Amino acid sequence: MNPTPPSESGSLTPAAIGELVLDTTPWLSCDECFERMDTHVEALLRDPGHHDLAMDRHLQGCAACQEEVQSLRALLTSEGTARRGDHGPEAGSADQPGPLTR
Amino acid sequence: MTERGEPADWVEALSTPGPGQVQALHLLHQLMVRAAAHQVWRMRAVLPNSSPGAVEVIANQAADEAMTALLAKVHTFEGRSRFTTWAYKFAILQAATDVRRVQWQHREVELHDLELSDPPTVGHDSPEHQAEASDLARAVARAMRTALTPHQRRVALALLVDDIPIDVLADRLGTSRGALYKTVHDVRVRLRTELASRGYLLDATATVAPKDQPILSNPAGTP
Ligand SMILES: [Zn+2]
């Protein structure tokens with residue numbers, strides 16, 4: 001783990017610059033992203049136009065969380081569990097508690 | 001019980017000793033294996049061995065670990081989503097982290113600082129765009145040297161330039177994904193502030209601009 005000279009990949013390409021100056025405000029931590037992930041994905045499946053600015057910015061700036069959210073969305077889509085009336089929260093804001101499903 | 005044989009109240013079923021708990025634990029494990037397998041399969045291209053058997057081993061281990069993590073938090077479930085959705089995210093997180101770890105298990109993670117001699121890498125064809133991109137790259141490199149600490153530069157370069165997965169870097173540095181993301185967030189805020197102070201106008205759509213296009217401009221020509 002000693003500092004070493006840059007590899008050939010260490011140059012500031014336009015893509016790298018885009019990543020470096022990305023606007024990730026308002027701040028949202030990875031832990032909070034994980035907390036919201038389930039309600040966020042269910043909201044997106046009910047309404048593809050659903051927006052949560054802090055989540056959206058975090059997912060643009062955090063490749064790991066982005067992959068996990070996309071994966072959860074794909075899994076629910078493949079299962080078809082996002083249909084309205086399937087035991088879950090009613091359509092509406094994901095930030096509001098839905099009916100208890102437990 | 002629902003029509004799928006799942007408990008109507010997962011938290012109670014998982015928390016109350018008896019046959020119902022045994023059945024709930026069994027069903028929960030099936031859910032975790034399903035989600036973990038889904039995740040490992042999605043990322044199988046990065047695995048050194050992506051045979052169905054290898055995928056299954058990683059998925060099962062991830063499911064077991066995720067189930068332990070979930071059970072430690074089961075009383076925090078508030079019913080804002082379906083329980084199954086809530087459960088899946090534990091398995092997906094664990095499986096994705098495990099795949100990245102396997103992907104990098106035999107690779108060195110090298111932290112390096114920005115080299116003064118690093119020439120900006122630009123790929124624009126026209127001389128005008130070439131000059132613009134070079135100017136931008138120099139401005140960003142300068143901002144990195146003046147506005148960031150050496151630690152911030154190394155973390156930013158590792159995660160955003162060298163594309164080392166955040167979990168892998170966190171593991172090697174003995175820190176967490178959250179701590180590294182906070183560092184990266186601070187880096188971005190500092191760079192944007194520094195560039196703005198030097199007259200570079202950040203495009204309002206910078207966060208969604210195509211990566212092959214300039215996302216900053218310096219109409220005032222400020223050096
Ligand atoms: Zn994150």
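No experiment lies behind these values; they were computed from the predicted model shown.
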Any idea which heavy atoms bring Ala137(B) and Ile17(A) closest together, and the distance?
CA-CD1, 3.6 Å
Cys30(A) to Tyr181(B) - nearest heavy-atom pair and separation:
SG-CB, 3.6 Å
Give, as side chain, backbone, both or neither, the part of Gln70(A) having an atom under 4.5 angstrom from any heavy atom of chain B.
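Both backbone and side chain.
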With a 4.5 angstrom heavy-atom cut-off, which part of Cys33(A) approaches chain B: side chain, backbone, both or neither?
neither
Take atom CH2 of Trp41(B) as the centre, draw a 6.0 Å sphere, and report whether it contains more than 12 heavy atoms from other residues, nucleotides or ligands.
no
[atom1]-[atom2] distance between [X] and [Y], expressed to the nearest 0.5 angstrom:
X	Y	atom1	atom2	value
Ile92(B)	Leu75(A)	CD1	CG	5.5 Å
Asp38(A)	Phe83(B)	CG	CZ	11.0 Å
Gln94(B)	Glu68(A)	CD	CD	10.0 Å
Tyr88(B)	Leu76(A)	OH	CG	7.0 Å
Cys65(A)	Ile166(B)	SG	CD1	7.5 Å
Asp186(B)	Thr24(A)	CG	OG1	8.5 Å

Keeping [X] on the side-chain end and [Y] on the backbone end, is there a donor-acceptor pair under 3.5 Å?
X	Y	result
Lys182(B)	Ser29(A)	no
His185(B)	Trp27(A)	no
Glu42(A)	Arg82(B)	yes
Lys89(B)	Glu35(A)	yes
Arg188(B)	Glu19(A)	yes
Arg192(B)	Val21(A)	yes
Arg42(B)	Ala74(A)	no

Side chains of [X] and [Y] in contact at under 4.5 Å (non-hydrogen atoms):
X	Y	result
Ser71(A)	Met43(B)	no
Phe34(A)	Arg177(B)	no
Met144(B)	Leu12(A)	yes

Given heavy-atom pairs under 4.5 angstrom as the criterion, report whether the side chain, backbone, both or neither of [X] touches chain A.
X	result
Arg190(B)	neither
Leu191(B)	side chain
Ala158(B)	neither

Distance-only polar pair, side chains of Gln39(B) and Glu67(A), donor-acceptor under 3.5 Å
yes
